[in-house]
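What follows is a single structure, written as structure tokens, with notes after it.
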Amino acid sequence: MKTIVATVNLTHLTLLLSFFALFHQHIIELCSADKLISVPCIETEKEALLAFKNSLIDPSNRLSSWVGEECCKWEGIGCSSIQTQGHGHVTKLNLRNPFSLVYNSGLDDPTSAYKRSCLSGNVSTSLTHLKYLNYLDLSMNDFQGIPIPNFFGEMVNLEYLNLSFASFSGLIPSSLGNLSKLQFLDLYADSYLNIGSWELRADNLNWISGLSSLKLFNLGYVKLNGVGETWLQKINLLPSLVSLNLYFCELNGLPVSLPFINFTSLSVLDLSQNSFNSPMPLWLFNLTSLRTLHLSWNFLQGSIPWEITNLKSLEVLDLSDNLGLEGHIPGFLGHLTKLKVLDLSANEFTGGIHELLNSVSNNNILHTLDLSSNSLDGVLPESLGKLKNLQHLLLSSNAFFGSIPESIGNISSLEVLDLSYNKMNGTIAKSFGQLSKLENANLLMNSWGGVLTKTHLSNLKSLKSLRITLDEPNSLVFEIPNKWLPPFRLNTLQILNCKVGPTFPMWIQVQTELISVTLRNVGISDTIPEQWFSSLAPQVTQLDLSKNQIEGKLPHQLKFPNLNSIDLSFNHFDGAFPHWSFNASQLSLESNSFSGPIPENIAELMPRLERLYLSHNHLSGQISQSLCDLHSLQVLSLRSNHFSGELPSCWGNSYMLWGFDVTNNNLSGLIPSSISSLRSLSVLMLGNNNFHGEIPASLQNCTGLTTIDLSMNNFIGKVPSWIEGRVLSSLFMIRLNSNKFSGFIPSTLCSLSNLHTLDLSENNFSEVIPTCLDNLTALVFSKSSEVFQNLVYVVLRGRVPEYSNFIGHVNSIDLSGNDLTGKIPDEITNISGLQSLNLLRNRISGRIPSNIGNLKRLETLDMSRNHLAGPIPQSITDMISLRHLNLSYNELEGRIPPLPQFNDATIFQGNPLLCGHPLPTECKHT
């Protein structure tokens, strides 16, 4: 989906240029006033200007030239050449904010720079004394929600009024309807850089009937939801109208018909973002002077009418993001022979594009074709190559398949090619290499095959962005000589699942202007070129070299001033943790062979870290207290290293930390009380260490906990009574297995309404299984656990085998390896969403509940090594999902019910009174 702001600003610019062409001679006269006037201006007009200046706030001192007698030479002032008693009249006041993001792109804080350049304050009524003023521009300033002055309607000589991006609010004054000479009215009400939330609105449009001279009318972002359904009839009364912008005005309804068309001179029309929910109205196609038509984001429905061919002058047709336009893309669009831009993206068009391409193939001026985000399919036809002047070809997010046709090389003007997110399963034509003007090639998320050679790249001298990713690894192979030097210098390189290695090719090493780099799973087993890596440091913002076999040591000290994220995971890097300096939010070094400690000054080196992934390395020593000084840290993953000693007790200032994983280390001691100050803590994983003591009561302050994993430690005591629904209402998983907990299993656990995983195995729990387990409503009703799972996946990055059963067995209860007694409560058969139940190795007695068959989603059931007696209930055959079963070493008796999926006798062994398949013991006939 395209950026709305970019589209809006382009439309706004189109409207301005359209009008400036009409107003050109008048502007030249005004701009040359400095040469014509060299004498003092009229005193009353000078005083009016100074009074106006005094009403403004001017932080950048833009009006510093407003001193002295010759006001016609002041900044932004224009005077007429007509002189009265040696004086010129002020006819032009241009105080448009000169700030531009283009010229201020290097600013650290463009918002602050823009605010400093703005005029604000009030607009003085003294402007009414400028009787000859015909040009007033206050655009791009910040008047912070004051109303548009009513007295503007008294300035009856105005021909040009521009208040766009100026943060006025309230009702548009109807007095503007008095400006019968007005040709240009721009009230575009969006705030620049999204500063402020002021709302400009109109309750009716009756006042516009007086604007008989109006040529350009821009009400973009003005709220018109109160003007009723006659809005179009009001605008239709403007006979001179050339450009009309009603973007995002919340208009109610698009009239199907008009009794007559009065604004036949209309050249530019933008009705985007009004959600009309209707077919395209036929009256549109009587506006035969239209050159630009924007109807995006209106939820238009049905097919494109044939009558659109009446618009013979149309150059830009934008029907994007309606989501409801459907059918085949009609070939009669080829009758629009002046069309330069055709945007039909984000709709429901189906079928192939042969008909369209054949019909527009003689159009030598079409430069943009956007059909992305539809349901188009088929192969890309050779006729594509007839569009020789095409500059932008966007076909992403469809279902095209096959290869890129050889004719692609004929589109010599092509600058942007986007075929991402299709089903392209063929090859990339060698003629692709003829596109010497191509700047952006986006071939992401397809199934490309074959070989990519230097012929594909040798003439791409304009290329700035190359993105190729595959669904399946290694079906596309880069066979490029290792010493080959390309003609391009990229700023974006993204290759995923292609075969590029094993060496680090020279054509990549010479790309020293890269800003974003992804070379993930591309088969590189070389060392990283240190000179190339160091050359990237000053400008790179994103770097991903993960899932290769890159080896060797990283440069020890580098500065990355613009880096946002770096991922070097799943390689063979070794050596010490790099002492890099950057402001990145994410550092991923997991699954390598880094060793030694985490730097004591990590908070100084990487102060803005939000996610730090260091799991599966050989890091050692104590966990640095400097980690507590990373105030933006959200996720800390130190799993599977060799850290020792106690956890730091300094977490009081880690306000953002929600994911904490130190599993599989050699840590010891108590859980520090400062952990309880992590009010954002959601995922706590301390498993497989040597922690001891009881679960601290202070942990109940972390009320947002969703996952608690304290497994495989030396914790003692009872399960705290505060682990219950009123305190930890979001708890999704609790793993206390393989510790030394004792006592009974508290019934308070049954109030955890979002609990999906309960693992209390391998402890010393005694007494009976609580009868209230069917109060675990998330398990009973199999409520979605996706939100909770995703939190764990973010911490683990979805790559830890012991948690892979989340997808298959997220709904589980494991009470095995304890000293539980009594019978299995019948209530357990009410937990209909349960997928895994493990009661192995306890002292449970009595019968298996007769309604065990109610657990139709159960996939794993282990009740072995208990004292269960009686027959196996016949209802067990109703457990249609059951794949893993173990009832061995109990005191069960009688015939085994027919369970054809189980042929392993060991799952029933140790029950001497059982008989029947799969046991060798035959049942006696009675």
Heavy atoms only: give me the nearest [X]-[Y] pair and the separation to one decimal.
X: Thr906; Y: Asn886; value: O-OD1, 4.4 Å
X: Leu892; Y: Ile848; value: CD2-CD1, 4.1 Å
X: His917; Y: Phe902; value: NE2-O, 3.8 Å
X: Asn818; Y: Phe765; value: OD1-N, 3.0 Å
X: Ile695; Y: Trp722; value: CG2-CZ2, 3.8 Å
X: Leu667; Y: Asn689; value: N-OD1, 3.0 Å

Roughly how far, to the nearest 0.5 Å, is the [atom2] atom of [Y] from the [atom1] atom of [X]?
X: Asn754; Y: Ser730; atom1: CG; atom2: OG; value: 6.0 Å
X: Leu627; Y: Met606; atom1: CG; atom2: CE; value: 10.5 Å
X: Gln901; Y: Leu885; atom1: CD; atom2: CG; value: 8.0 Å
X: Asn811; Y: Leu755; atom1: CG; atom2: CG; value: 9.5 Å
X: Leu736; Y: Asp759; atom1: CG; atom2: CG; value: 8.0 Å
X: Leu728; Y: Ser753; atom1: CG; atom2: OG; value: 11.0 Å

### Val768, Ile769, Leu760 screened by side chain to side chain contact (heavy atoms under 4.5 Å, CB included) with Ile745, the one that passes
Leu760
### Summary
Which of Ser569, Ser588, Ser591 passes side chain to side chain contact (heavy atoms under 4.5 Å, CB included) with Tyr613? Answer is Ser588
Could you check if a side-chain atom of [X] sits within less than 4.5 angstrom of a side-chain atom of [Y], using non-hydrogen atoms only?
X: Leu887; Y: Leu914; value: no
X: Arg639; Y: His616; value: yes
X: Leu647; Y: Ile623; value: yes
X: Ile896; Y: Pro918; value: yes
X: Leu855; Y: Leu861; value: no
X: Tyr889; Y: Ser864; value: no
X: Glu610; Y: Leu633; value: no
X: Leu587; Y: Phe582; value: yes

Does [atom1] belonging to [X] count more than 12 external heavy atoms closer than 6.0 Å?
X: Lys856; atom1: NZ; result: yes
X: Tyr421; atom1: OH; result: no
X: Glu786; atom1: CD; result: no
X: Lys823; atom1: NZ; result: no
X: Glu893; atom1: CD; result: yes

### Task
Test side-chain contact (heavy atoms from CB on, under 4.5 Å) on Leu568 and Phe573 and set out the steps.
CA-CA 8 Å; Leu568 303 179; Phe573 292 113; 3.9 Å; yes
Without swapping roles, check the side chain of [X] against the backbone of [Y] for a donor-acceptor pair under 3.5 Å.
X: Asp544; Y: Ser546; result: yes
X: Asn564; Y: Ala584; result: no
X: Asn592; Y: Phe594; result: no
X: Asn866; Y: Leu868; result: no
X: Asn701; Y: Leu699; result: no
X: Asn225; Y: Glu250; result: no
X: Thr469; Y: Leu496; result: no
X: Asp814; Y: Ser761; result: no
X: Asn890; Y: Ser888; result: yes
X: Asp774; Y: Ile828; result: no

### Query
Yes or no on side-chain contact (heavy atoms from CB on, under 4.5 Å) for Trp658 and Val635, after CA distance, side-chain angles and deciding distance?
CA-CA 6 Å; Trp658 63 264; Val635 175; 3.5 Å; yes
### By ring-ring contact (aromatic ring centres under 6.0 Å, His included) - contacts of Phe788 (at least two apart)
Phe732
### Message
Test of understanding: with ring-ring contact (aromatic ring centres under 6.0 Å, His included), list the residues that count as partners of His618, not counting sequence neighbours.
### Response
His642
Scan [range] for pairs that pass disulfide bond (SG atoms under 2.5 Å apart), counting only residues two or more places apart or in two chains.
range: residues 602-666; result: Cys628-Cys650
range: residues 673-704; result: none
range: residues 729-786; result: Cys750-Cys772

### Ser632 and Arg608: side chain donor to acceptor below 3.5 Å
no
### Query
Any luck finding a side-chain donor-acceptor pair between Asn688 and Asn664 under 3.5 Å?
yes
### Message
Please list all pairs meeting side-chain hydrogen bond (donor to acceptor under 3.5 Å, both in side chains) that have one or both residues in residues 665-683, counting only residues at least two apart or in different chains.
### Response
Ser682-Thr706
### Task
Take Leu882 and Glu859 through the test side-chain contact (heavy atoms from CB on, under 4.5 Å) and record every step on the way to the result.
CA-CA 4 Å; Leu882 198 61; Glu859 300 176 18; 5.9 Å; no
### Message
As a quick check of understanding, evaluate side-chain contact (heavy atoms from CB on, under 4.5 Å) for Leu749 and Leu776, giving each step before the final call.
### Response
CA-CA 8 Å; Leu749 293 178; Leu776 297 171; 5.8 Å; no
